[in-house]
Engineer: 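Handing you a structure now.
No hydrogens, no waters, no symmetry mates; every other heavy atom, side chains included, goes into these values.
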Amino acid sequence: MKKERLLSGRSFSILKIMKPWLPLFMQYCAILALALLGACSNSQMECVEDSSENAGVLAVDSVKVPVISVDSLRPGMMRVAPNGAYVLLGDGRMRVKLDYDYSLGIHEVTCGEFDAVAREEDWYFVLDCAQDDLPVTNVTYYDAVLFANAYSKSLGYDTVYTYHRQLFNSSSHFVNLEGLAVRTDVDGFRLPTEAEWVMAASLSWNPWRYSWNSSNSNYEIHAPCAFPDSLGFCDLAGNVLELTNDWAGDIVDATIASSMGALAGNTLLEKVVKGGSVYQSANNMDLGGRKDVYPVQASAFSSYMGFRLAFGKIPHATWLDAGGDVALNPVTLKTFSSAIRQKMGTVHSKLAFRNDKSGNLAYVDFYGGMPGVVEIPDSVPVYHPEISPDGNKVAFCTGMEGVGGPSSVYVRSLNAAGRLIKLDVENAAIPRWYVSEYGDTSIVYVDNAGDNSNDADFFASGTWMVPFSNEQFGKPEKILVGAYHGGVSLADRYAVSGARRLRVHRNGKDEIWYGGAQACNASLSKDGNNQTLFLDFGGDVGRAFANEKYGVHERLLVVDSTGKLIHAIPAPKGYSFDHPEWVNRDNWVVTALVNAKGEHVKLVLVNVLDSSVVDLVDGEELWHPNLWVMPEVPFGDGYFDLDSAGMYWDPIYQGGLRTVGLKMRMFWDMHDSLEVIAVGSSRTESGFDPAYISKQALNFGYPGGDIWAGLYLMENYFVPHTRNLKYLIFEISYDLMNQSLNARNQIALGQASGYFYDKNHNFWKDGVPENFVRVVDANVPYTSEDSLLYVSTRGLLKKESHGWGDEPIIDRDSIMREGEYRRFMKSIDSLTAFIDSTQDKGFKIVGLIFPQSPEYANTGSYGRHGVSRSLAMKVAAYFDSLANVYPHFVLMDENKFGAHDYTDAMTNDCDHLSVAGAKQLSVRLDSLLNVISR
């Protein structure tokens, strides 16, 4: 790229003339701006209260202030020197200190620049640019990451991003980079952090005043630099939204140095986006904004979202963990979802262990799109964690095997939220989950996990079972005399223990195996074969079987159900084993590897048949691993494909909106009892409250829901599988009816493998398999946040009251182009055809029009997303007339083109209701349903 090209455009003539003096001019501008603003910007920069004599000024150093100058080494970029200044993020509570220099692109990466790299890299997709100098759009975060890497290489720099494997969607866009990591110690091109982006924008002379927005753009993106700000940047506000490097996490009330955002993506794998676009008004752009109207997933792309590049190392980079604390995690993930799928047959796997360095419970969910190590700080010690049969909870104890003394057993959800549930007994250790033949879930534990070499001490202890359901323990029952904490098979009356001696209970007798030699870490297999895994101390029996000498814990030993040695697996050179446990997949063991210093530095998978080893995680002290793999589920003569069936949101490929996936699970969980289903966009999601419907109802609204996705869901799921369906509520939003069949959310539905799986089985219209709902539940798990936001409200997303706002937002031109008009009319025809096809189905259809700001009556637009009011009135008359043709169809218009009675107290924004508004609408709707049912 040439500097002249990147600085081209009618607004840069002055900058070209001043180029030799620009660095000094920029420094002067920054200082002058601070002086004019009382040494503090009126946007996101902060007058920092400091305990030193410099308190009250912007920068830590009273002499230095942030400076922006032309980057003479990297054409097209500006060099930002924060000099230790602070910047505020989000709502202003989070302060980030930047004490390193970095460069930021003058404007967004253009389509021509992106395509040149795509062709050079031989990527499968090349964008069809209307103009090469327009900002690149319709690219995913992963597309942007790979562009940054390729651009670094093209200019002789090292690459910032590393990853294990690339994943593509059907359009050949990159939709995941397995094992993606950011090398903050590398001088290379990358996406800017949110803090870096805000720092540059904050130093400008109000870049929001000169933005390319809905009022001056005719909703069309322009070539860069129609509106440069005072410091030389172009389009920090307006034109296209810009991706940053940060994963979206909560804004916390803290001061952080060199923030990189959240350590990992949230459940939606959202990225932080900054700035504004041609679809936003200037009044709706602010430096604190971090999102689009709908969640910006890392795999998503849109016609108004692009990115600009940053350059430079990030010294002392800081991430925030799931709890909002600075992540001090020394554990490194060494394997990823694809490898787990290859070894275990499914990606539905979770690893739990104790990080002995921090004392915390840690886990990895390989089902997540960006698996990483998550630590859960707790107020009690965590030893011997074991994941529940459904994969959602973990049991652990506060004492260790081989060490007597007090110990308690706890259960908690396998995430950072949720409460600790304690088993209220005097002593409990080494919990193991147990599921009876009737499906009842219990926990087996012992009341003493100490040295078992003495008969009297061992048999003075006991093995106990306690039911666990509905977040609480039942009454404990003693099931065996003796502390058999290595595993119990009640069906075979078989149990093992290893804490100095290998003790076995079988056929009603208690025996000591392995010649009475020292043994420990016994684990009973979970495949019904009653094979026992254990470690020894280099004893004669083991050496004789292995036919070689070895040291303490240098072999994984396995005996069959009769005590005969069948395997002796050597530890990798330079290591020994510790804390081995069987995995619930044949022949696999998870164990710690210990180096010559006695440090538990690895957790690995070991195959007992071929002695192969798969590294899972590395760290300083990693103890007590437990690997859960989702059990296979019978289907016909075989098993369901666990990575396809019910996978309505795939976190690996990130296809499908997770909100839709959650609603699909709610639908299948409730489908036999549902009488009312409301389907639509986020207006339905926040405006229809099932609590005020006198029949069993589900809110199936979701962000961006369009008419095509709604018809798809109704025709293939709701109508065929809701046996008691009485009312189908369909959102009619005239301003959302010009989407094409390949619109964003239809693609999002189609990319999730669950929909393909259903389609290949004729959407189960011949009958839903017995175990299908169980697979859906496993593939779309509820988090505690999901339960609070959606499940407890049957799909309603409660929103606070903020009022309609002074000026209604108009994101699109109300005058449709020819293609948009054709799609608009086709959507009306398709909805009419659906109404016509359901005349004899036994349920009624209500076309529901949600209220929008009454101020739209003073514009030429029907609502937020356009459509002229005159066209909307004609279509409204058409739908109203359909009630005369189809007795089972009713139109309920709560908007009335602005002549409604929904007050500011009932609304969240210009086109979404608050909880109060949802109540009023739903009460009225229920009354209507009762009337038309007569």
Engineer: Got a sec, which residues hit ring pair (Phe, Tyr, Trp, His ring centres under 6.0 Å) with Phe366, two or more places apart in sequence or on another chain?
Structural biologist: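 Per chain and number, Phe366 pairs via ring pair (Phe, Tyr, Trp, His ring centres under 6.0 Å) with no residue.
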Engineer: If you measure from the Lys or Arg side-chain nitrogens to the Asp or Glu carboxylate oxygens, is any gap between Lys726 and Glu675 under 4.0 Å?
Structural biologist: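 Yes, charged N to carboxylate O under 4.0 Å.
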Engineer: May I ask you to check whether Phe168 and Tyr124 place their ring centres under 6.0 Å from each other?
Structural biologist: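 Yes, close enough.
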Engineer: Could you check Leu711, Leu882, Asp836 and say which one makes a side-chain contact (heavy atoms from CB on, under 4.5 Å) with Leu831?
Structural biologist: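 For Leu831, the side-chain contact (heavy atoms from CB on, under 4.5 Å) check succeeds only for Leu711.
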Engineer: I want to check a possible cation-pi pair here: Arg665 against Tyr782, using under 6.0 Å from ring centre and within 45° of the ring axis as the test.
Structural biologist: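 Yes, Arg665 lies over the aromatic ring of Tyr782.
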Engineer: Please name all residues satisfying side chain to side chain contact (heavy atoms under 4.5 Å, CB included) with Pro720, sequence neighbours left out, ordered by chain then number.
Structural biologist: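 Side chain to side chain contact (heavy atoms under 4.5 Å, CB included) list for Pro720, sorted by chain: Lys765.
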Engineer: Run the side chain to side chain contact (heavy atoms under 4.5 Å, CB included) test against Ser338 and tell me which residues pass, sequence neighbours left out.
Structural biologist: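 Listed in chain order: His164, Arg165, Glu178.
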Engineer: Could you pull out all residues at least two apart from Lys826 that satisfy side chain to side chain contact (heavy atoms under 4.5 Å, CB included)?
Structural biologist: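 Here the qualifying residues are Trp708, Leu741, Ser830.
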Engineer: Excluding sequence neighbours, so at least two apart, what forms ring pair (Phe, Tyr, Trp, His ring centres under 6.0 Å) with Tyr902?
Structural biologist: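 Partners of Tyr902 by the ring pair (Phe, Tyr, Trp, His ring centres under 6.0 Å) criterion, ordered by chain and then number, come out as His900.
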Engineer: Can you name the ring pair (Phe, Tyr, Trp, His ring centres under 6.0 Å) partners of Phe834, sequence neighbours left out?
Structural biologist: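 Ring pair (Phe, Tyr, Trp, His ring centres under 6.0 Å) check on Phe834 returns nothing, list empty.
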Engineer: Tell me whether the count of non-hydrogen atoms from other residues, nucleotides or ligands lying under 6.0 Å of OH in Tyr639 goes above 12.
Structural biologist: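 It does not: Tyr639 OH has 12 such atoms or fewer within range.
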Engineer: Hey, mind stepping through Phe635 and Phe640 against ring pair (Phe, Tyr, Trp, His ring centres under 6.0 Å) and telling me if it holds?
Structural biologist: CA-CA 5 Å; Phe635 169 46; Phe640 282 104; 4.4 Å; yes
